[in-house]
Amino acid sequence: MTRQSLAHVALVVRDYDEAIDFYVGTLGFTLVADDYQPAQDKRWVLVAPPGNPPGGATILLARATNEHQAAFIGDQSGGRVFLFLQTDDFARDYQRLLDKGVRIERAPLEADYGTVAVFLDLYGNKWDLIEFRRPE
């Protein structure tokens, strides 16, 4: 039986430190790794949301190294929601976003699948904050 899972998702950023400040300082993510790789003159920076399970997918903060890559900062998915941050307490985490001054793109709404709001990261990428409805 084949077993696969996502390990990392690359997010193109302008600057490592400003991205770490947003994801760790503002969103409360954990800094999993920040290692300099001299052979490539870059850093290996991984962040994960609070409560990420062991072996769960992390985000690789990948600094743009040329103009082509830089053109996609803030538009990783062509204007669609790019990442989906699942929470076990929507009200708590939505209030944290508001308290930290995170830009809200779409106010919370109740859907068949749960409660969701769209927020923007520091570059303008769209994220869903979502608490899935528990099966009854």
Side-chain angles (χ1 to χ4, degrees):
M1 176 180 186
T2 301
R3 297 188 77 169
Q4 298 179 339
S5 64
L6 289 177
H8 315 293
V9 174
L11 180 66
V12 181
V13 302
R14 180 176 34 246
D15 177 81
Y16 293 118
D17 293 321
E18 74 179 3
I20 291 169
D21 184 55
F22 178 80
Y23 286 99
V24 174
T26 300
L27 294 186
F29 282 31
T30 300
L31 182 61
V32 176
D34 185 357
D35 301 312
Y36 180 64
Q37 298 180 331
Q40 298 174 343
D41 190 29
K42 66 180 182 180
R43 287 161 62 184
W44 180 256
V45 179
L46 297 174
V47 295
N52 201 40
T58 60
I59 296 175
L60 171 67
L61 301 177
R63 184 176 50 89
T65 59
N66 58 48
E67 288 183 26
H68 179 74
Q69 291 174 8
F72 292 94
I73 296 171
D75 193 19
Q76 297 266 138
S77 61
R80 294 187 57 104
V81 170
F82 177 54
L83 295 165
F84 299 77
L85 184 59
Q86 182 177 342
T87 177
D88 63 347
D89 186 334
F90 182 89
R92 175 199 64 213
D93 292 340
Y94 183 73
Q95 187 60 52
R96 178 181 168 93
L97 294 177
L98 294 176
D99 292 347
K100 291 289 192 168
V102 174
R103 296 176 295 170
I104 304 299
E105 177 78 3
R106 258 183 277 153
L109 64 87
E110 294 289 328
D112 293 344
Y113 53 84
T115 306
V116 63
V118 178
F119 69 93
L120 304 178
D121 71 12
L122 76 163
Y123 300 114
N125 292 300
K126 293 180 182 177
W127 287 65
D128 269 3
L129 174 66
I130 185 164
E131 182 178 359
F132 291 105
R133 189 172 321 286
R134 292 183 179 96
E136 295 180 19

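Because only heavy atoms are used, hydrogens play no part in the values below, and waters and symmetry mates are left out as well, while side chains stay in. Starting from 1, each residue takes its place in the sequence as its number.
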Quick check for you: to the nearest 0.5 Å, what is the distance between [X] atom [atom1] and [Y] atom [atom2]?
| X | Y | atom1 | atom2 | result |
| --- | --- | --- | --- | --- |
| Arg133 | Glu110 | CZ | CD | 5.5 Å |
| Leu61 | Leu46 | CG | CG | 8.0 Å |
| Asp121 | Leu83 | CG | CG | 8.0 Å |
| Glu131 | Tyr113 | CD | OH | 13.0 Å |
| Phe82 | Asp75 | CZ | CG | 10.5 Å |
| Ile130 | Tyr94 | CD1 | OH | 14.5 Å |

Might you point out which heavy atoms bring [X] and [Y] nearest each other, and give the distance in Å?
| X | Y | value |
| --- | --- | --- |
| Leu120 | Gly124 | CD2-O, 3.6 Å |
| Glu18 | Tyr123 | OE2-OH, 2.7 Å |
| Pro49 | Leu85 | CB-CD1, 3.7 Å |
| Asn52 | Thr58 | ND2-CG2, 4.2 Å |

Using the rule side chain to side chain contact (heavy atoms under 4.5 Å, CB included), only one of Asp128, Leu109, Ile104 pairs with Val118; which is it?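 Per the side chain to side chain contact (heavy atoms under 4.5 Å, CB included) rule, the option paired with Val118 is Asp128, out of Asp128, Leu109, Ile104.
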Give a yes or no on this: more than 12 heavy atoms of other residues, nucleotides or ligands lie within 6.0 Å of atom [atom1] of [X].
| X | atom1 | result |
| --- | --- | --- |
| Leu6 | CG | no |
| Glu67 | CD | no |
| Arg106 | CZ | no |

Between [X] and [Y], is there shared hydrophobic-cluster membership here, with clusters defined by ILVMFWY side-chain heavy atoms closer than 4.5 Å?
| X | Y | result |
| --- | --- | --- |
| Phe90 | Leu98 | yes |
| Leu60 | Phe22 | no |
| Phe72 | Ile59 | no |
| Leu122 | Leu11 | yes |
| Val47 | Trp44 | no |

Would you mind reporting whether Leu27 and Leu97 have side-chain heavy atoms less than 4.5 Å apart?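 SC-SC contact between Leu97 and Leu27 confirmed.
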With a 4.5 Å cut-off on side-chain heavy atoms, are Glu105 and Trp127 touching?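 The answer is no; the side chains never approach within 4.5 Å.
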In terms of ring plane angle, is the pair Tyr23 and Phe29 parallel, tilted or perpendicular, where the classes change at 30° and 60°?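 Answer is tilted, since the angle falls between 30° and 60°.
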So does Asp89 get a backbone contact from the side chain of Thr87, meaning a donor-acceptor N/O pair under 3.5 Å?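 Yes, because the side chain of Thr87 sits within donor-acceptor range (under 3.5 Å) of the backbone of Asp89.
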Salt-bridge test for Asp17 and Arg43: reply yes if a basic N is under 4.0 Å from a carboxylate O, no otherwise.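 Result for this pair is yes, salt bridge flagged.
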With sequence neighbours left out, write down each residue that passes salt bridge (Lys or Arg N to Asp or Glu O under 4.0 Å) with Arg92, or none if nothing qualifies.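 With sequence neighbours excluded, Arg92 shows a salt bridge (Lys or Arg N to Asp or Glu O under 4.0 Å) to Asp88, given in chain and number order.
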